[in-house]
Amino acid sequence: MVKLNSNIPEGNLAEKWTNHKFKMKLVNPANKRKFDVIVVGTGLAGAGAAATLGELGYKVKAFTYHDSSRRAHSIAAQGGINAAKDYQNDGDSVYRLFYDTIKGGDFRSREANTYRLAEVSNNIIDQCVAQGVPFAREYGGTLANRSFGGAQVSRTFYARGETGQQLLLGAYSSLNRQIKLGNVKIHHRREMLDLVIVDGKAKGIIVRNLLTGEIERYSAQAVVLATGGYSNVFFLSTNAMNSNATAAWRAHKKGATFANPCYTQIHPTCLPVHGEGQSKLVLMSESLRNDGRIWVPDKVGDHRPPSEIPEDERDYYLERRYPSFGNLAPRDISSRSAKYACDDGKGINGGRAVYLDFADAIKRLGEQTIKERYGNLFEMYENITGENPYKVPMKIYPAPHYTMGGLWVDYNLMSNVPGLFVAGEANFSDHGANRLGASALMQGLADGYFIIPYSIGNYFGSEKPDKVDTDRSEFKEAEENIKEITNKLLSINGKQTVDEIHKKLGELLIDKVGMSRSEQGLKQVIKDIKALREEFWKDVKVTGKADELNQNLERAGRVADFLELGELMAVDALNRDESCGAHFREEHQTEDGEAVRNDEEFAYVAAWEYIKPGEWELNKENLEFEFVKFATRSYK
Amino acid sequence: MDEKINLTLNIWRQESANAKGDFEQFKVSVSPHASILEMLDEINNNLEREGKIPIAFESDCREGICGTCGLVVNGHPHGPIPKQATCQLHMRNFKDGETLYIEPFRATPFKLIKDLIVDRSGFDSIQQAGGYISFNTGSAPDANNIPISKQIANLALDAAECIGCGACVAACKNSSAMLFVGAKVSQFALLPQGQPERYDRVEKMVIAMDEAGFGSCTNTYACEAECPKGISVSNIARMNRDYLKSTLISK
Amino acid sequence: MGWLSERLSSSIGKKIIMALTGLLLILFLIIHLLNNLLLYVGPEMFNENVARLEAIKPLVRVIEIALALLFALHIFNALKLWYENKKANPNKYAVDASSENSTVFSRSMVITGVTIGIFLVIHLATFWRTFNFGAHPTDGRHPFYAIIQDAFANPFIALFYFIVMIVLGFHLKHAFQSAFQTMGWRHPKYTPIVEKIGTAIAIIMAVGFASIPIFFYISSLGGK
């Protein structure tokens, strides 16, 4: 049993962060350069943290498995980033952003963390504009906003449909400046394979040089993991091909608890699967729901082309069931509704897809306006599907997109392993059981620019800047362990390829641990995953050698970890005997299919401690709601 | 509905930078809905099953935004369809019976690593030389303190859309990186935030570009034609103008 | 001036030299063509004009030296760029798709340039040398006009001049707008005009210069 202390500061919600910052220990500027920090991952959180730590004077070692730090998957976020600026004068405030996030997360996140996120959101926008991020502007020169799912105010800042790209390039530019100044040393094409713990504290990592296959050791006084989420456990997801859970998972196996793994978000607006060879699912920004209307044919078996289906024979199911939010209902509701419509046989041509129709918006605003708002998304859609969305409604279907679960962290974003910090999607902290649109970019940058740099200073305040020798036995053992795993993978020489097994895992998970889950299904899938994992270690075929560029080996290692993580997701989903946010247990729903939470028994964070493969111990961190009252989420 | 098309593929295989490379031929039958990278996935899956070494190629987001992928298909970086990254190139654009040549980006500064993977770190070194606005986290004024006209913001974003894939270099007969560098220089040259370091920046980035071994621009505009984001060569003109001005005004 | 040579030896610097020398050379070509067109007005006019230039010989010599420098800079830089660019990209793709992403004019600048360079040497060694230092015909015809008449009566010389002047048009078609781009003089409103002017210059130069050997060759046929 580990001891979980959330370290939430005392005081009023609005003063907690300010008070905490004041009470934090500081590091003398002359001493800062004696401290090394390892930052793994160069997305918004990682690049932001590495750059800011460099600016502060720490010596940073940054790692990415990409060929350039600009390629992290943050780059693919399309829609925008929230902030409580209230530039639109529509009644927004830090408190409202906080409340929307808590409510959107279905009361399964920490009040204090979520409030802080809303609080620093405004600094993020200032920061990004100063970096030269070309956000959308009004004619008068001020910043433009759009509205987004789960909110009734217009607080989302955007740069066409490429907000993630522009924000990441901003962070990348700050990082480049620190690299040039010598404060950050960047290590490209390195994949973290283990965390090294010395005297109970995180002191280093083991990485594989992806070009040469060489195993390398790096040490520091603190390690920051900003390695993203684990949606790729489903095989088909909107994540990038290389997104994986290995860094976080190996840290978990070294003692860091993994929190709420069952909270996985299935994004409502993705392109439907085209066929067997599909490698990933493409997301269409949720911002499309601002102007697009979602519908299916009202009659099962109505396979006419959309233009021939008259208005009164269409079922605008979101507008019908949630009149006040309509097409902007939160992601989990939108996704599940699409699933149900298709389960009922109303999907397009009886398959798994629904329409997202812009005909009305084009009529109302003109094609030019729609083009300005979504031009590149429409182009992307046409490229992929060969259909023109200005003329024919888009076809969409939900796909795994974001994982709210992740390594457990306290208020300082430190895991239960001292010295191991976790930022961005890799931690579990701010979104509870469901994340609102345009909040992922906000959290990544909040963690990277404004929280980690402070809290690491606080940690170093009581640490000595002694160099850690990478010849220590802890490093040697970790390296040996990695080599052993690698050799084992290469020597099995079975019959199935890595992708074939990964696909099987994905099918099991999306079916039983996807948009809708049941006790029976979860119990079954746990058995199935265990069996699949055994199959993997007996029958997988990995080609090539250990000491060369070997993409097959890279994927094998990642899938090996997914096979363990997938089981934990099911275990967590089974344990959480309630419906909340993205976690929907069929046993817990109202008559009209709404989720039913159980706040008495389940208002806690489930932090799982690794014992051995297939065995975990549950640690609970109770969620105290001092400032907001539980409310049943209603988007009717 | 799922009729397939048959293609003959000639794919470049080369074990390492110094090894001798050659085309390996594959005959495939592929769904027209698949992307070209999904076709390679399938070939690799078959190779792996047979215990053979899969074709090394890079890709990540598969949405045309990360800039990781980059293959030359029949002489076109990112394939023959304009304004698309390789990952967005769908097989419906090819006819049954066609022969494709799939090669890596070829340019001296992009050293080949393996098969279809090249080293584009030269781009990073150019960005590190000056592709930023120098200011520290926390010191920013309120975002709306700097009004920027919609037109300028749009032009800056047009330039900032560059995904850093290297297709411009691969398309250029001189392996010039001017479109890439011009885009970054332009983004900051257009915005008020970029003014303090404007002329210093262009100087540093051009020096880094030359040091990385990229060629010079002879204005064939092949880069613009092949750019998956359609970055305009007017960004190159802007960089040239700024460079000239920096030459004349620098101390 | 160390800073200037340093700046001008960068990739963009060398291009700026190409653009500036190129534009000045185009100016020279325009004047040259205007001079040549006097051939069509008649032997007297042409000869008179040449004689006028003879009168200010020292000034002409200075301009000639400046021109020689311009040519030297233009050619030297072009060769240097060509060498460096070949080094940056010695590779070819299995399928050549360059015709689909760029114009033949832009891709053939080195070939057209070298052709014009070779022509320049021959041109100087023949016409320019004869005009300045050679023996002038003394059969009562206008001497300078007669040199041209005699030279282009030879079909090989006439054809050679004709072809090279078309090549010159190819070179200029790309050169003019390219120089503007290199100098950074680009604007959505004016660039299309610059492109049209460039095309017009290319055509006028090619047609203007190339017509002369043809005219004299055909005339020589009639005269016999």
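Protein chains get the first letters and strands the later ones, always in sequence-line order, with residue 1 at the start of each.
- A salt bridge links B:Glu203 and C:Arg7; the closest N-O separation between the charged side-chain nitrogens and carboxylate oxygens is under 4.0 Å.
- Residue contact with chain C, scored on non-hydrogen atoms closer than 4.5 Å, is absent for B:Phe110.
- Chosen from C:Arg186, C:Lys15, C:Arg107, C:Gln181, the residue pairing most often with chain B at heavy-atom distances under 4.5 Å is C:Gln181.
- Within residues 216-227 of chain B, the residues approaching chain C closer than 4.5 Å by heavy atoms are, in numerical order, B:Ser216, B:Cys217, B:Thr218, B:Asn219, B:Thr220, B:Tyr221, B:Ala222, B:Ala225, B:Glu226.
- The side-chain tip of B:Arg120 does not point at the ring of B:Phe180 from less than 6.0 angstrom away and within 45° of straight on.
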- Query: Stepwise, does the side chain to side chain donor-acceptor pair (under 3.5 Å) test hold for C:Asp96 with C:Ser98?
  - Reply: CA-CA 6 Å; C:Asp96 181 10; C:Ser98 57; 2.8 Å; yes
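- The distance between the ring centers of C:Trp128 and C:Phe133 falls below 6.0 angstrom.
- Both the backbone and the side chain of B:Val233 come within less than 4.5 Å of a heavy atom in chain C.
- A distance below 6.0 Å separates the ring centres of C:Phe105 and C:Phe170.
- Between C:Glu64 and C:Arg61 a salt bridge is recorded (basic side-chain N to carboxylate O distance below 4.0 Å).
- Proximity to chain B (any heavy atom under 4.5 Å) is restricted, for C:Lys92, to the backbone atoms N, CA, C and O.
- The most heavy-atom pairs under 4.5 Å with chain B, out of C:Met18, C:Gln177, C:Met109, come from C:Gln177.
- With a 4.5 angstrom heavy-atom cutoff, B:Tyr101 touches chain C only via side-chain atoms.
- In terms of heavy-atom pairs under 4.5 Å with chain C, the best-connected choice from B:Pro82, B:Pro80, B:Ser232, B:Ala170 is B:Ala170.
- A salt bridge is absent between B:Asp119 and B:Lys111; no separation between the charged side-chain nitrogens and carboxylate oxygens falls under 4.0 Å.
- Residue with the most contacts toward chain C among B:Gly215, B:Ala237, B:Gly75: B:Ala237 (heavy-atom pairs, distance under 4.5 Å).
- Ring-centre distance between C:Phe176 and C:Phe180: below the 6.0 Å cut-off.
- Using a 4.5 Å cut-off between heavy atoms, C:Met183 touches chain B through backbone and side chain atoms alike.
- Each of C:Ala97, C:Ala88, C:Ser106, C:Ala94 has some count of heavy-atom pairs under 4.5 Å with chain B, and the biggest count is that of C:Ala88.
- Contact of B:Pro104 with chain C is made through the backbone alone, with heavy-atom distances under 4.5 Å.
- The aromatic rings of C:Phe131 and C:Phe144 sit tilted relative to each other, their planes meeting at an angle between 30° and 60°.
- A salt bridge is absent between B:Lys229 and B:Glu161; no separation between the charged side-chain nitrogens and carboxylate oxygens falls under 4.0 Å.
- Options B:Glu103, B:Arg238, B:His76 differ in how many heavy-atom pairs under 4.5 Å they form with chain C, and the most are formed by B:Glu103.
- Among C:Ile16, C:Asn91, C:Asn89, the residue with the largest count of heavy-atom pairs under 4.5 Å with chain B is C:Asn89.
- Interface residue B:Asn74: backbone and side-chain heavy atoms are both found under 4.5 Å from chain C.
- Distance check: C:Ile12 CD1 to B:Asn240 CG gives 5.0 Å after rounding to the nearest 0.5 Å.
- Remark: aromatic rings of C:Tyr161 and C:Phe127 are close, center separation under 6.0 Å.
- Between chain B and the residues C:His174, C:Glu84, C:His187, the largest count of heavy-atom pairs under 4.5 Å involves C:His174.
- The pair B:Asp22-B:Arg13 does not count as a salt bridge, with every side-chain nitrogen at least 4.0 angstrom from each carboxylate oxygen.
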